[in-house]
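In the text below, chain A, chain B and the rest are named by the order of the sequence lines, each starting its count at 1.
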There are 2 protein chains.
Amino acid sequence: MTQEYSGSGDPAKSLELLWRKRPQPTRGPKPALTVEGIVEAALRVADTEGITAMSMRRVADELGSGAMTLYRYVPGKAELLDVMLDTVYGELPKRVVPGDWRAKLDEVARENRELYLKHPWMLHVAVSRPPLGPQVMAKYEYELAAVEGIGLTDVEMDATVTLVNGYVHGAVRAAVEARQVIQHSGMTDKQWWLAHVPHLDRIADIDSFPLSTRVGTTVGQEFDAPYDSDHAFEYGLGRLLDGVAALVKDRAEI
Amino acid sequence: MTQEYSGSGDPAKSLELLWRKRPQPTRGPKPALTVEGIVEAALRVADTEGITAMSMRRVADELGSGAMTLYRYVPGKAELLDVMLDTVYGELPKRVVPGDWRAKLDEVARENRELYLKHPWMLHVAVSRPPLGPQVMAKYEYELAAVEGIGLTDVEMDATVTLVNGYVHGAVRAAVEARQVIQHSGMTDKQWWLAHVPHLDRIADIDSFPLSTRVGTTVGQEFDAPYDSDHAFEYGLGRLLDGVAALVKDRAEI
DNA sequence: ATCGAACTGGGTACAGTGTACGAAGAATAT
DNA sequence: ATATTCTTCGTACACTGTACCCAGTTCGAT
């Protein structure tokens, strides 16, 4: 399995770590490492080798120290992931684009998509309770600003940015999975499909699935792959924003 | 990490396993187990103890046999997960509801949601290339039927059911994470929030985040939790189907 | 009836994982 | 000079998937 859990330890410790407000001691030897250095090394490993490779030992190796040394700087792996997340959220450009709410929400979606594509390991970190670090807070503030003052209630504003974020997460997850499975298996989708079809013809009764056969064939021809991620992203985002537009129009009319 | 990868071994072996077309040998001792029994045991473990607990040793224990014995019946853990997936897809009622495409797509979304809630481990199995078993095929056929004959192209039909499935996956994943994190941490969202706010006030400069503060407070009061999953699901599904409706209307007019 | 081939069950081993514990040494306050 | 505090990090534990191998069982052919 590949689901990491975001930190759930002592809130005070976690927040002090995220905001770099940890009291530094006067006595004892000077620390050889820094939280920043550890996070940097962890990001390097996660970005290039994936989240499964990012073990405490691997990060320690990267820094030339022992695995247990890291525990002097972060309470555990979950909290390290929290800081990693908050750090990469700082990479979001948070551009304020001209235009209405739709242009802004569109920008939010695309910026998040870029970030996920750059750091695919983010997709596998559960953030039901987000790490309340400075970058996470700035991100939420920026995203709410996109839908502020267009007639939605506070609850609808929150639901809308949550919806967009959830959509992007899902869409990119599918796209990244597709990309990774190609590397993992050494086969493109088309090759995979061609390797399965003859066996499926032999084993299954494909006459029972007329729609699947017709649509699957068309989609395969059209996109040279069963799943085209760019197309899927654009289509889904378009539908989603259309749906939000309907609500906004509704609120404006009443 | 908690991402299991769906099988990527020999297509012939995988398909024969999924469709139960494996040639049974005549010589040698009669097998003590069956694929069905192993899948049943694995589902029992995954449903009750989660996907992380579902190890080959744990499943073997459940059956009173050695871990390596399972490898006589399934090529590996990935393929076992494939069969588990195909099996639970068989639980989908696949009701043909009266009404237009929207009623049918709505039903598709709700059936999938129920299934995910019943088997949350499904959310952590990567299915970029779905196991082409009988139940997966039947599911795809049923879902395409919901949007057949309403003026969409084959490609749009596929994109639409993919979009709905992706949406439900994301929405339920968020809801299940929220549920699990309560059990995992022993705190409700409100308790978690109340444990963090005083520290956040002390450490962060909350004046920099006026929208977050206002909206966060309102949402907290309204739903007694930062994240209400039922509300989010209904809101998102509504927006999504509105968006599809706009496309359907467009196609009808041209 | 005998015997080899084919098959099954499952023990052991390997290279990993997060992290609790504790030993050994270094820097500072007194 | 010494006590206190803080550092690094080796060892150990309970896990993981599964490769490899051996012993035992059953059947087909002779």
With heavy atoms under 4.0 Å as the rule, sort A/Ala32 into base, sugar-phosphate or nothing.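 Contact class for A/Ala32: sugar-phosphate only.
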Select base, sugar-phosphate, or nothing to describe what A/Gly66 touches, counting heavy atoms under 4.0 Å on all strands.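 Contact class for A/Gly66: sugar-phosphate only.
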Please report, rounded to the nearest Å, how far the [atom2] atom of [N] is from the [atom1] atom of [X].
X	N	atom1	atom2	result
A/Lys77	C/dT17	NZ	P	9 Å
B/Glu79	D/dT18	CD	C1'	12 Å
B/Leu63	C/dT8	CG	P	16 Å
B/Leu70	D/dT18	CG	P	11 Å
A/Met56	D/dC15	CE	C1'	18 Å
B/Leu81	D/dT16	CG	P	14 Å
A/Arg58	C/dG18	CZ	P	12 Å
A/Gln24	D/dT5	CD	P	19 Å

Checking side-chain polar atoms at under 3.5 Å, does [X] have a donor or acceptor matched by the opposite partner on [Y]?
X	Y	result
A/Tyr140	A/Asp158	yes
B/His119	B/Glu91	yes
A/Asp205	A/Ser208	yes

Side chain of [X]: nearest nucleotide among [options]?
X	options	answer
B/Arg72	D/dC9, C/dG9, C/dC7	C/dG9
B/Pro29	C/dG10, D/dT25, D/dT11	D/dT25
A/Arg27	C/dT8, C/dG25, D/dT4	D/dT4

Quick one: is [N] close enough that its OP1 or OP2 comes under 4.0 Å of any side-chain N or O from [X]?
X	N	value
A/Tyr71	D/dC6	no
A/Ser55	C/dT17	yes
B/Tyr73	C/dG9	yes

Is the NZ atom of A/Lys13 crowded by more than 12 outside heavy atoms at less than 6.0 Å?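 At most 12 heavy atoms, drawn from other residues, nucleotides or ligands, come within 6.0 Å of this atom.
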Nearest heavy atom decides the nucleotide; on that basis, is A/Thr69 or A/Arg57 closer to the 5' end of DNA chain D?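 It is A/Thr69, whose closest nucleotide lies nearer the 5' terminus.
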Could you say whether B/Ala67 or A/Thr26 is positioned toward the 5' end of DNA chain C, judged by the nucleotide with the nearest heavy atom to each?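 Nearest-nucleotide comparison on DNA chain C picks B/Ala67.
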Between B/Lys94 and B/Glu111, does at least one N-O distance fall below 4.0 Å, as a salt bridge requires?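 No, no charged N to carboxylate O under 4.0 Å.
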